Q: 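Here it is, the structure, as structure tokens.
Note that the structure is a prediction, hence the values are computed from the model and not measured. Every chain is numbered from 1 and lettered A, B, ... according to where its sequence line falls, protein lines coming before strand lines. As a basis for the values below, the full set of heavy atoms in this structure was taken, side chains included, without hydrogen atoms, waters or symmetry mates.
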Protein chains: 2
Amino acid sequence: MVKKLYTDLKPIEEVFTGWDVLTPDERRFVKNNSTVQYYKKNEVIHYEGDTPTHMMVLANGKAKVYKEGVGSRTQIIRMLKPGEPFGYRAMIANGTYNTNVAAFEPAAVYMLKGDVFISILRHNNAFCFRFLEELAADLGDSDSRTVNLTQKHIRGRLAESLLFLSKSYGMEEDGATINIYLSREDLANLSNMTTSNAIRTLSSFVNEHIIAMDGRKLKIIDEEKLRKISKMG
Amino acid sequence: MVKKLYTDLKPIEEVFTGWDVLTPDERRFVKNNSTVQYYKKNEVIHYEGDTPTHMMVLANGKAKVYKEGVGSRTQIIRMLKPGEPFGYRAMIANGTYNTNVAAFEPAAVYMLKGDVFISILRHNNAFCFRFLEELAADLGDSDSRTVNLTQKHIRGRLAESLLFLSKSYGMEEDGATINIYLSREDLANLSNMTTSNAIRTLSSFVNEHIIAMDGRKLKIIDEEKLRKISKMG
DNA sequence: GCTAAAAAATGTCTTATAACAATGTTTTAT
DNA sequence: ATAAAACATTGTTATAAGACATTTTTTAGC
């Protein structure tokens, strides 16, 4: 099983497009200083407060970036899919991790030594610019997210999460089932609400024929309506 | 008056430390492609949705970065003080402005042509890295802010805002009065609450001898208690 | 396959905070 | 100096969403 994963895994230079701009030497440097780590379902990849040591790229699986707030309430900040880099922000900012990251499902993570990553950032301008773009996009998203989570009402927040998940992870073959299966609790933590309210609101959406549910499988029936609810707040 | 401002103004290379890493040629390039714009109290510097044309640095005055959310509710995302760059995130992300920026008080803004800014980013690695650090720090702040604004209760959010303002803008000579005078509405928009509730909560803090008020002048009496309230939520 | 544990579902009750309204106070403009 | 507008204050009411409790269903471990 683990062996199968090893052979299935695309090499680090292929999963993440950011390496495109590296010289052959730099590529070798990256390859020689990278390892793969495997994580079980629900296993934590790094904790808030820890000192970052590696720049990471999710090779496969799905993961959540989250923060524990007041009174052990959890807020999911961002979600990761294969090919996405993470864990590097803290290193660049020269601080500790600001968030936790955990795998939703069995995951493989490429880990590039921190000093190697920083060294390339400092020498290869195109590579540096590439990450500048990445952070610029993330910051815009984060600011929007702040406003959406604070101002929208429950229905709007949940509708937004469903649209986000479907856009981010895509649909299954039927073209309607969202290609990620979250627990109600995770869905609640993504949408800033209690688990009970996530369940209740999902049920309302089913009654209103906006979505269909089969356990954790969520199918979007009326995307237009969902979009409207998300927009209205 | 305007003339006085002109002569008082430090040159663009001095207000913002990011230029340190430029070559003499680049410095000249920046100087030759920069202008100064003056804004009146409450004047908007740029709007959400506009296409960015310049990288800007607040030369003097104070400004707010904010978003209009659902039902014309406003959320202040960030506040600017002299020497801080802004308006460049959208340019790097190759999109439109995600936020509005407006001056709290009469302000002077250095404006560097966008293509010049991008060109230097793409050629000077140290300069690029400098902005990478800037964005990395801002993203960490934004993520924390999301959680604080969604999970803390009203008192916690207001306490946090007061601590933030005092740290960010400093104190007056008395060592206690916060060196920025915000309207109740702005304070509310910074703290994600209605104006009425900002006023009510400020009054409670006064009754509890945590702060003292004199119009818009806010004096922190018991910082320890404020910190505790902010932490507890 | 059975038991224990975790997750989902639902109901009821409470409360924090927004919404609305009315009045007093300070700025600003002329 | 005066009127108008903006801002601050306070009270009352309504409600969205959390807290808590209970039951049902699903999942995981042995």
Q: Out of dA28(D), dA18(C), dT10(D), which nucleotide sits closest to the side chain of Thr194(B)?
A: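 Comparing dA28(D), dA18(C), dT10(D) against the side chain of Thr194(B), the answer is dA18(C).
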Q: Whether Glu208(A) and Arg155(A) form a salt bridge (side-chain N of Lys/Arg under 4.0 Å from carboxylate O of Asp/Glu) is what I want to check.
A: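 Salt bridge between Arg155(A) and Glu208(A), a charged N being under 4.0 Å from a carboxylate O: yes.
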Q: Arg73(B) versus Glu68(B): any side-chain heavy-atom pair under 4.5 Å?
A: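 Sidechains of Glu68(B) and Arg73(B): no contact.
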Q: Please check the phosphate of dC7(D) (OP1 and OP2 only) for any side-chain N or O of Ser183(B) closer than 4.0 Å.
A: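 Negative; the distance criterion is not met.
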Q: Nearest of dT10(D), dT28(C), dA7(C) to any side-chain atom of Ser196(B)?
A: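 Within the option list, the nearest is dT10(D).
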Q: Which range-with-range stems can be found for DNA chain C when each stem has 3 or more Watson-Crick or G-U pairs in a row and both distances sit under 3.5 Å?
A: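 Stem list for DNA chain C: C:1-30 with D:1-30.
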Q: Which whole-number value in Å describes the distance from Lys152(A) NZ to dA17(D) P?
A: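 To the nearest whole Å, that distance equals 13 Å.
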Q: Pick out which of Phe86(A), Tyr88(A), Phe16(A) makes a side chain to side chain contact (heavy atoms under 4.5 Å, CB included) with Val57(A).
A: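 Result: among Phe86(A), Tyr88(A), Phe16(A), Phe16(A) is the only option passing the side chain to side chain contact (heavy atoms under 4.5 Å, CB included) with Val57(A).
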Q: Please give, in whole Å, the distance from dA7(C) P to Leu202(A) CG?
A: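 Taking atom P of dA7(C) as the reference, CG of Leu202(A) is at 16 Å.
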Q: Please tell me whether Thr150(B) and Thr150(A) have a donor and an acceptor in their side chains that are separated by less than 3.5 angstrom.
A: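 No, because no side-chain N or O of Thr150(B) sits under 3.5 Å from a partner of the opposite role on Thr150(A).
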Q: How long is the line joining CG of Leu187(B) and P of dT9(D), in whole Å?
A: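 To the nearest whole Å, that distance equals 11 Å.
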Q: Tell me: NE2 of His153(A) to P of dT15(D), nearest whole Å?
A: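 So the NE2-P distance, His153(A) to dT15(D), works out to 12 Å.
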Q: Look at all strands and tell whether Ile154(B) reaches a base, only sugar-phosphate, or nothing, counting heavy atoms closer than 4.0 Å.
A: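 Ile154(B): backbone/sugar contact only, no base atoms under 4.0 Å.
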Q: With respect to the side chain of Arg157(A), which nucleotide from dG18(D), dA18(C), dA8(D) is positioned closest?
A: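 The closest nucleotide is dG18(D).
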Q: Between CG of Leu158(B) and CD1 of Ile210(B), what distance do you get to the nearest 0.5 Å?
A: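 Leu158(B) atom CG to Ile210(B) atom CD1 measures 10.0 Å (nearest 0.5 Å).
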Q: NA contact type, Arg216(A), heavy-atom cut-off 4.0 Å: base, sugar-phosphate, or nothing?
A: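 Sugar-phosphate contact only.
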Q: To the nearest Å, give me how far apart CG (Asp186(A)) and C1' (dA6(C)) are.
A: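 Between C1' of dA6(C) and CG of Asp186(A): 13 Å.
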Q: Can you check the Ile199(A) CD1 to dT22(D) P distance for me, whole Å?
A: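 Result: 17 Å.
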Q: If we check side chain to side chain donor-acceptor pair (under 3.5 Å) with Lys67(A), which of these qualifies: Asn100(A), Asn98(A), Thr74(A), Asn189(A)?
A: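 With Lys67(A) as partner, side chain to side chain donor-acceptor pair (under 3.5 Å) holds for just one option, Asn98(A).
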Q: With a 3.5 Å distance limit and no angle check, can you tell me whether Arg89(B) reaches the backbone of Leu139(A) through a side-chain donor-acceptor pair?
A: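 Side chain of Arg89(B) to backbone of Leu139(A), a donor-acceptor pair under 3.5 Å: no, none is there.
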Q: Would you say the side chain of Arg200(B) and the base of dG11(D) hold a donor-acceptor pair, judged only by whether the two atoms sit under 3.5 Å apart?
A: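 Under the 3.5 Å cut-off, the side chain and the base do form a donor-acceptor pair.
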Q: Which nucleotide in the list dC20(C), dG18(D), dC20(D) gets nearest to the side chain of Asn197(A)?
A: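 When the side chain of Asn197(A) is considered, dG18(D) is the closest of dC20(C), dG18(D), dC20(D).
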Q: In whole Å, I'd like the distance from the CE atom of Met193(A) to the C1' atom of dT15(D).
A: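 Going from CE in Met193(A) over to C1' in dT15(D) covers 16 Å.
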Q: Tell me the interatomic distance from Arg73(A), atom CZ, to dC20(D), atom P, rounded to whole angstroms.
A: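 Rounded to whole Å, this separation is 13 Å.
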